[in-house]
2 protein chains.
Amino acid sequence: MEQAKKETISTLDTGSSRTLADRVCHQLKDDIITGRLSQGSKIVEEDLAREHGVSRGPLREAIRRLEAMHLVQRIPHAGARVVTLSEKMMSDVYSVREALEGMSTRLAAEFIKPKEVDELWLLLEQHEKNIDETEGTVYFQREGDVDFHIRIAQASQNQLLVKSLSSELYQLIRMCRYRTAKAPSRPTKALGEHRQIVDAISRRDGELAEILMRRHISGAWQIARELLLKDYHD
Amino acid sequence: MEQAKKETISTLDTGSSRTLADRVCHQLKDDIITGRLSQGSKIVEEDLAREHGVSRGPLREAIRRLEAMHLVQRIPHAGARVVTLSEKMMSDVYSVREALEGMSTRLAAEFIKPKEVDELWLLLEQHEKNIDETEGTVYFQREGDVDFHIRIAQASQNQLLVKSLSSELYQLIRMCRYRTAKAPSRPTKALGEHRQIVDAISRRDGELAEILMRRHISGAWQIARELLLKDYHD
DNA sequence: TAGGGCCATATTGTTGACAATCAGGCGTGA
DNA sequence: TCACGCCTGATTGTCAACAATATGGCCCTA
């Protein structure tokens with residue numbers, strides 16, 4: 001049992017596993033995003049700890065980190081529940097995203113380094129290839145899309161912004177995406193918008209870059225919301 | 001020694017102490033903001049635990065929460081350090097604040113309830129009284145200022161925004177303020193700007209409200225930065 | 001029969017001991 | 001003299017047992 005667990009660690013672990021809490025956090029995070037831990041379900045420390053082959057200590061730390069990512073809500077002495085992603089909640093996420101990424105794009109236009117501009121263009125080329133090759137399979141594009149947004153945040157040279165977006169909000173965004181993982185014709189449109197944004201950034205037009213990014217994100221929300229409404233009709 | 005600590009806790013504790021971790025977190029937070037725990041200093045779990053009369057468990061939880069507030073930085077197996085508030089860091093904080101509060105103000109203009117508008121006006125009246133009475137003593141105004149910004153966030157009806165601002169960013173803002181706790185003639189000016197903002201909100205002009213709030217915050221940063229530069233000359 | 005208070009159980013909060021890991025000093029050999 | 005590796009002390013990570021607290025069912029009463 002113990003041995004099997006240990007094995008799982010070294011093989012399956014995708015990246016960060018310096019501590020048990022890291023590993024469990026990483027795993028729980030994916031479980032929540034993909035719905036293996038259903039929304040609103042209660043989290044019982046002892047059960048999960050046994051399930052993951054660790055004691056309650058590391059598991060508690062993992063849960064606290066998930067709380068910081070807004071993936072679970074905790075009430076003292078009453079336990080934690082997986083967050084429920086209502087339409088209102090998703091709307092809230094997109095609003096915060098719009099604000100934060102709007103700012104990051106504006107700052108990126110001001111402070112981005114030449115090398116980072118080149119890398120952005122390169123990234124978009126790869127996206128285009130992926131779209132051409134896979135056509136319908138939007139998944140790679142989605143991963144890439146996140147990458148794109150994170151890189152712009154990094155280009156803003158604002159560490160707090162990077163942390164807020166990539167550690168705190170990123171997982172919620174992924175979760176929103178997972179619920180609306182369809183959107184057939186969007187990738188090409190998104191790519192075009194991404195190009196416009198990078199163009200504005202490389203021309204150091206922060207004001208325009210911010211507007212384009214905000215429009216890009218609020219547009220994505222419009223589409224996602226329509227998808228949700230359609231789902232309710234099914 | 002131990003006894004004295006206990007006493008301080010039960011008397012000074014302003015509100016939240018449902019658990020030991022809550023209490024210690026609250027206290028450490030204040031220690032960091034006021035500089036009793038100096039910036040960049042290493043945090044040793046066992047020392048702090050003994051000092052606060054708790055075991056390492058709750059203390060670790062407290063530290064993790066401080067990490068979520070960006071007040072400490074942690075490295076696995078290497079411990080935690082109190083954040084150092086460089087000018088760059090403060091600049092980053094104000095940028096994020098501008099983005100988040102700009103959005104909250106825009107949303108507040110759209111979704112605020114009549115009752116909340118009344119409360120905002122009332123709050124500003126109290127601020128005016130405080131300024132008239134205390135003249136130089138800016139402290140109350142400062143507390144009130146935070147209250148003002150948080151209330152607008154609440155009026156936006158965006159829970160994520162409220163949480164991000166009041167739990168995650170608020171303490172960093174307080175820390176910035178503590179370092180530049182002078183600014184003699186600012187309160188009156190700030191009050192005027194606050195009035196303009198509430199006016200725009202009550203007229204449901206979200207676009208203007210956002211612009212005014214962003215200008216208000218970036219103006220505050222300009223003043224704070226000048227204060228910092230002057231400090232370097234001393 | 002409905003409502004309210006009490007008790008048992010499950011779950012979280014807390015603790016101290018143990019194991020794993022890191023940082024710095026020391027000695028050894030080239 | 002310098003570089004390398006080991007070793008020791010300190011510090012964090014992990015665990016399992018204990019204490020405090022909430023949830024839900026039961027009984028009693030009106």
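Note that this is a predicted model, so its numbers are computed, not measured. All chains are named by letter (A, B, ...) in the order of the sequence lines, taking the proteins before the strands, and each is independently numbered beginning at 1.
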Side-chain donor/acceptor of [X] to backbone N/O of [Y], under 3.5 Å:
X      : Y      : result
B:T105 : B:E101 : yes
A:S164 : A:L160 : yes
A:D92  : B:Q159 : yes

Counting any heavy atom closer than 4.0 Å, what does [X] reach on the DNA or RNA strands: base, sugar-phosphate only, or nothing?
X     : answer
B:G57 : base
A:I43 : sugar-phosphate
A:I63 : nothing

Would you be so kind as to tabulate the donor-acceptor pairs closer than 3.5 Å made by side chains of residues 71-84 of chain A, with sequence neighbours excluded?
residue, atom, partner, partner atom, Å
A:R74, NH2, B:E61, OE2, 2.8
A:R81, NE, A:G40, O, 3.0
A:R81, NH2, A:G40, O, 3.4

(message) Quick check on DNA chain D: between A:A78 and B:R74, whose nearest nucleotide comes earlier from the 5' end?
(response) B:R74
(request) Provide the start and end nucleotides, 5' to 3', of the part of DNA chain D that has atoms under 4.0 Å from heavy atoms of chain B. (result) D:dT11 to D:dA22
(message) Of all nucleotides in DNA chain C that come within under 4.0 Å of a heavy atom of chain A, which is furthest toward the 5' end and which toward the 3' end?
(response) C:dT11 to C:dC22
SB check [X] [Y] (cutoff 4.0 Å):
X      : Y      : answer
B:D30  : B:R36  : no
A:R214 : B:E210 : yes
B:E116 : B:R151 : no

(message) A:M69 vs A:R174, test: side-chain contact (heavy atoms from CB on, under 4.5 Å). Steps then yes/no.
(response) CA-CA 11 Å; A:M69 297 180 199; A:R174 276 185 66 196; over 6 Å; no
